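Here the structure comes first, spelled out in structure tokens, and everything after it is commentary.
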Amino acid sequence: MSPPSPKATHFACHPSIAAGVVLRYHAAANVLSVRDTLIRVERDLIESGVTRDNLSTILIVVSEVLNNIAEHGYQGVPPGGFVLRGVVRADHAVFGFHDTGSPLPEHLLAEDEAEQLPTELPELPEGGYGWSLIRTLAAKIRHRYTHRGNWLLVRINLVVA
Amino acid sequence: MNISSQSHGNVLIVQLQEPRLDAVIAIQFKDRMREITDTVEPRVILDLAEVGFMDSSGLGAVVAAMKQLGAGRRLELASLSPTVEKVFQLTRMNSVFDIHENLTAAIATANAD
């Protein structure tokens, strides 16, 4: 990955959802850049004809992964960026996330059958909902860590109108 | 961050005038809610009509706002966008919060009790 730019860069080719929408974004890993990237993703996918329901699913997943990179990925290591690539088709979307931060803890990727978020007020956590949302909405999650950083692939099944 | 409040009898109405309740403003929102809800009304209605998107940081801030109200008071939500509603459903927080279709319905429910 090239050195992170302070300004987000992006590329979107969106002739139609039927042909597949190709997206690419690159930005510094901070919450402001994540917000900016999500606004771009939303705009590009609306222009491509993605339905509101599918769009909300995509935005939730992408925001949680990117915020995780921004808030936790570079703790204790030099700041860096992220690259988001996506292909969105009528019935599914695949997003690839790359960062050069610390290895993503593998336990976050697996669904813990015993895991139940508490719903009683005194025990309600004030955080930690992000990966639960990702695992719930993703059909497939793949991760590998190399000397060049984290490579996360997430497939999302979409509702065909 | 734009947020306002007004008292209606036993109900405090808080309106968040932001398109996103996300990691950028989550801590600020939690702090402002602590200040705004330092009142006596037993019911607090958070109107999210202008909030089109909420991430898990925003959700955590709403949970924090509920917890910091303390015993005997509760936070109710109104006017959730489809995306925000989806976040609440997926995390089962829709079973924790009283969620009203809109502010008018929320106030009517509060006054009926």
Side-chain angles (χ1 to χ4, degrees), chain A residues 29-43 45-46 50-73 108 111 115-138 156 158-159, chain B residues 1 18-31 33-34 37 42-44 46 48 51-77 80-99:
Chain A
N30 61 64
V31 292
L32 281 171
S33 291
V34 170
R35 175 191 273 190
D36 181 61
T37 300
L38 287 170
I39 291 170
R40 290 167 185 265
V41 171
E42 182 173 17
R43 183 193 63 199
L45 292 183
I46 287 173
V50 174
T51 65
R52 278 283 170 189
D53 184 41
N54 286 330
L55 180 62
S56 68
T57 299
I58 290 170
L59 291 176
I60 291 168
V61 171
V62 172
S63 75
E64 296 305 334
V65 175
L66 293 183
N67 274 323
N68 184 73
I69 294 170
E71 296 183 302
H72 306 293
L108 293 173
E111 190 84 47
E115 179 187 47
Q116 284 283 348
L117 289 171
T119 55
E120 295 301 318
L121 188 56
E123 290 82 32
L124 276 184
E126 296 177 16
Y129 299 101
W131 274 100
S132 174
L133 284 167
I134 296 167
R135 290 192 301 262
T136 301
L137 291 172
I156 304 167
L158 303 176
V159 177
Chain B
M1 187 182 64
E18 293 286 341
R20 297 170 171 272
L21 179 48
D22 59 9
V24 176
I25 65 167
I27 293 175
Q28 192 182 359
F29 168 80
K30 177 182 168 180
D31 292 343
M33 283 296 288
R34 180 183 291 111
T37 60
R43 287 184 159 186
V44 178
L46 176 60
L48 295 170
V51 180
F53 183 79
M54 180 185 294
D55 64 15
S56 64
S57 296
L59 175 64
V62 173
V63 170
M66 165 84 116
K67 292 175 75 172
Q68 65 198 15
L69 284 181
R73 303 178 75 198
R74 68 175 196 246
L75 181 65
E76 303 173 24
L77 307 175
L80 272 55
S81 74
T83 303
V84 174
E85 190 171 19
K86 184 178 284 189
V87 169
F88 275 79
Q89 288 174 346
L90 291 169
T91 55
R92 299 197 301 150
M93 287 299 116
N94 58 334
S95 66
V96 174
F97 291 88
D98 288 333
I99 298 175

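All figures in this text were calculated on a predicted structure; none of them were measured in a lab. Lettering of chains follows the sequences in order, A, B, ..., and the numbering in each one begins at 1.
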message = The test is side chain to side chain contact (heavy atoms under 4.5 Å, CB included); show your working for A/Leu108 and A/Ile134 and say whether it passes.
response = CA-CA 10 Å; A/Leu108 293 173; A/Ile134 296 167; over 6 Å; no
key: Closest non-hydrogen atom pair, B/Gln68 against B/Lys30   = NE2-O, 3.0 Å
key: Nearest-0.5 Å distance, CG of residue A/Leu55 to CG of residue A/Leu45   = 6.0 Å
query = To the nearest 0.5 Å, how far apart are CZ in A/Arg40 and OG in A/Ser33?
reply = 9.5 Å
inquiry  = Please output the residues of residues 19-27 of chain B in contact with chain A, using a heavy-atom cutoff of under 4.5 Å, in numerical order.
reply    = B/Arg20, B/Asp22, B/Ala23, B/Val24, B/Ile25
request  = Return the option, out of A/Glu64, A/Glu42, A/Glu71, with the maximum number of heavy-atom pairs under 4.5 Å with chain B.
outcome  = A/Glu64
ask   = For the residue pair A/Leu66 and A/Thr37, what are the closest heavy atoms and their distance?
value = CD1-CG2, 4.0 Å
inquiry  = How close do B/Val63 and A/Pro125 get, counting heavy atoms only, and between which atoms?
reply    = CG1-O, 3.5 Å
query = With a 4.5 angstrom heavy-atom cut-off, which part of A/Leu133 approaches chain B: side chain, backbone, both or neither?
reply = side chain
query = Looking only at heavy atoms, which two atoms of A/Ala29 and A/Ile69 are closest? And how far apart?
reply = CB-CG2, 4.1 Å
